[in-house]
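Model, not experiment: these values are computed from the prediction.
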Amino acid sequence: MRTFWRLTAISMQSQLYYRTSFLLNLLSPIVLLFGQYLLWAALYEQQGGAAIGGMEQREMFAYILLAFAMSNLLNWAGENRLSREIKTGQVAARCVRPAAFLTQYLAEMLGALLIQGAVNLLVVFAGFVCFGKYMTVPSISVLPRFIPCLILAVTLRLMMIDVFSLLCFFTTGYLGISWTRAALFDFFSGAMIPVALFPEWLKAIACRTPFPYMLQAPVAVLLGQDTLVGLPAVYGLQLVWILIFLGLHGLIYGLARRNLTIAGG
């Protein structure tokens, strides 16, 4: 564990070192957040303020803010760091360090996530303080249910990114895989549109994938909304998907490692 936290600290230092890049990665999503508010405000205005898909305007505005905070816990560069290392060959350094490959990956991603998460928390806090009268403010009483769900959701997302990144060992580029992963996550997780608003057939498909349990479920718990499959089932499915991705990590990394030559060895 000492090695893990040391690597996490180094990752946090590297995130703070490149301040300009950090600020640019922060401002770009905020522009998209503003655009989402304008879009949904226009849709509710057309409905005369009536609920859309069972969600009142105050609920939707709160959902947008919280979904933004969770979907942007990692920026594009952070999510694709491992993919780029694999394509450039820098991943060889990970394979010879005296620490497990997955331990290094999770520690570095956690460092980036903690910095961005702290900033996103400030954005959420400022949003509710300044515009709370237009949104449903979460109750503190839901935190005991939300925090475990959030931890499992973040772990699940990190494992998903890891598995998709490892696929780059078997391709000539990484952008196609990264775009596919980002598109699947943005659509099926509820980052773009709440899964609760999907048609029943599409909602059934989404609930059979890991993506809603990375974003839709934690946000629904925090807002006291329907979690689609029930809270105990959400916890169970998050754990199951984490174990599935852990197994896939071992399988894919094992195949790649057997065919990887480092320093002529």
Side-chain angles (χ1 to χ4, degrees), residues 8 29-30 33 36-37 40 51 53-74 79 106 109-161 185-198 203 206-245:
T8 300
I30 289 180
L33 174 65
Q36 278 188 293
Y37 272 113
W40 284 104
M55 291 187 68
E56 301 288 344
Q57 183 171 340
R58 289 172 57 87
E59 286 184 288
M60 180 61 75
F61 281 5
Y63 180 93
I64 293 171
L65 181 60
L66 295 171
F68 160 81
M70 290 203 61
S71 64
N72 290 284
L73 284 174
L74 295 166
E79 287 187 349
L106 290 176
M109 295 294 275
L110 179 60
L113 186 147
L114 289 175
I115 296 295
Q116 188 65 51
V119 174
N120 288 359
L121 183 61
L122 291 175
V123 172
V124 170
F125 180 77
F128 280 119
V129 169
C130 297
F131 306 103
K133 64 180 180 179
Y134 304 109
M135 296 185 284
T136 300
V137 180
S139 171
I140 298 178
S141 62
V142 303
L143 289 180
R145 300 190 298 273
F146 169 71
I147 291 176
C149 190
L150 174 64
I151 293 173
L152 290 171
V154 171
T155 304
L156 175 56
R157 184 176 176 187
L158 292 180
M159 290 304 304
M160 181 268 295
I161 295 173
F185 173 80
D186 287 343
F187 184 76
F188 284 107
S189 71
M192 297 174 60
I193 303 173
V195 178
L197 301 187
F198 286 5
K203 188 188 302 183
C207 289
R208 286 169 173 77
T209 70
F211 303 104
Y213 312 110
M214 302 177 193
L215 189 148
Q216 169 80 36
V219 174
V221 170
L222 191 56
L223 292 176
Q225 298 174 341
D226 179 21
T227 54
L228 302 177
V229 294
L231 188 55
V234 168
Y235 292 147
L237 287 168
Q238 286 176 319
L239 286 171
V240 167
W241 279 111
I242 288 172
L243 293 175
I244 289 174
F245 280 119

- Message: Within the structure provided, determine whether L66 and F128 are in side-chain contact (heavy-atom separation under 4.5 Å).
- Response: yes
- Task: Indicate the atoms forming the closest heavy-atom contact of V124 with L65, along with that distance.
- Result: O-CD2, 3.8 Å
- Query: At what distance, to the nearest 0.5 angstrom, does CH2 of W241 lie from OG1 of T209?
  - Reply: 7.0 Å
- Item | Q116 side chain to L113 backbone, donor-acceptor under 3.5 Å | no
- Yes or no on side chain to side chain contact (heavy atoms under 4.5 Å, CB included) for Y37 and L33, after CA distance, side-chain angles and deciding distance? CA-CA 6 Å; Y37 272 113; L33 174 65; 3.6 Å; yes
- Excluding sequence neighbours, so at least two apart, what forms side-chain contact (heavy atoms from CB on, under 4.5 Å) with L114? T8, M12, L110
- To the nearest 0.5 Å, how far apart are CG in L152 and CD1 in I242? 5.0 Å
- Query: Applying side-chain hydrogen bond (donor to acceptor under 3.5 Å, both in side chains), which residue pairs with at least one partner in residues 60-72 are found, sequence neighbours left out?
  - Reply: Y63-Q216
- Item | Residue pairs fulfilling salt bridge (charged side-chain N to carboxylate O under 4.0 Å, His left out) with at least one residue in residues 111-129, sequence neighbours excluded | none
- Closest heavy-atom pair and its distance - Q36, A191: NE2-O, 3.5 Å
- Report yes or no: does Q238 contribute a side-chain atom to a donor-acceptor pair with the main-chain N or O of C149 at less than 3.5 Å? yes
Could you list the donor-acceptor pairs under 3.5 angstrom formed by side chains in residues 220-230, with sequence neighbours left out?
| from | atom 1 | to | atom 2 | distance (Å) |
| --- | --- | --- | --- | --- |
| D226 | OD1 | L228 | N | 3.1 |
| T227 | OG1 | G230 | N | 3.4 |
| T227 | OG1 | L231 | N | 3.4 |

- Task: Mind checking the CZ-CD1 spacing from F185 to I161? Nearest 0.5 Å is all I need.
- Result: 7.5 Å
- Task: Would you name the heavy atoms of V195 and A206 that are closest together and state the gap between them?
- Result: CG1-CB, 4.0 Å
- Message: Looking at every heavy atom in both Y134 and F61, which two are closest together, and how far apart are they?
- Response: O-CD2, 3.7 Å
- Note on the structure: Value for CG (L197) from NZ (K203), rounded to nearest 0.5 Å, stands at 8.0 Å
Identify each donor-acceptor pair in which a side-chain atom of residues 135-144 lies under 3.5 Å from a protein atom, sequence neighbours left out, and give them as a table.
| from | atom 1 | to | atom 2 | distance (Å) |
| --- | --- | --- | --- | --- |
| S139 | OG | S141 | N | 3.2 |
| S139 | OG | S141 | OG | 2.8 |

- To the nearest 0.5 Å, atom NZ of K133 lies from atom CZ of F131 at 9.5 Å
- Query: Taking all atoms of both residues into account, what is the closest heavy-atom pair of E56 and A51, and its distance?
  - Reply: OE2-CB, 3.8 Å
- Only pairs at least two apart or in different chains count here, so list each salt bridge (charged side-chain N to carboxylate O under 4.0 Å, His left out) that has a residue in residues 134-160. E79-R157
- All heavy atoms of P218 vs all of P212, minimum pair found to be CD-O, 4.3 Å
- Side chain to side chain, F211 and M160, heavy atoms closer than 4.5 Å: yes
- Message: To the nearest 0.5 Å, what is the distance between CE on M214 and OG1 on T155?
- Response: 11.0 Å
- Ring centres under 6.0 angstrom apart (F187, F198): yes
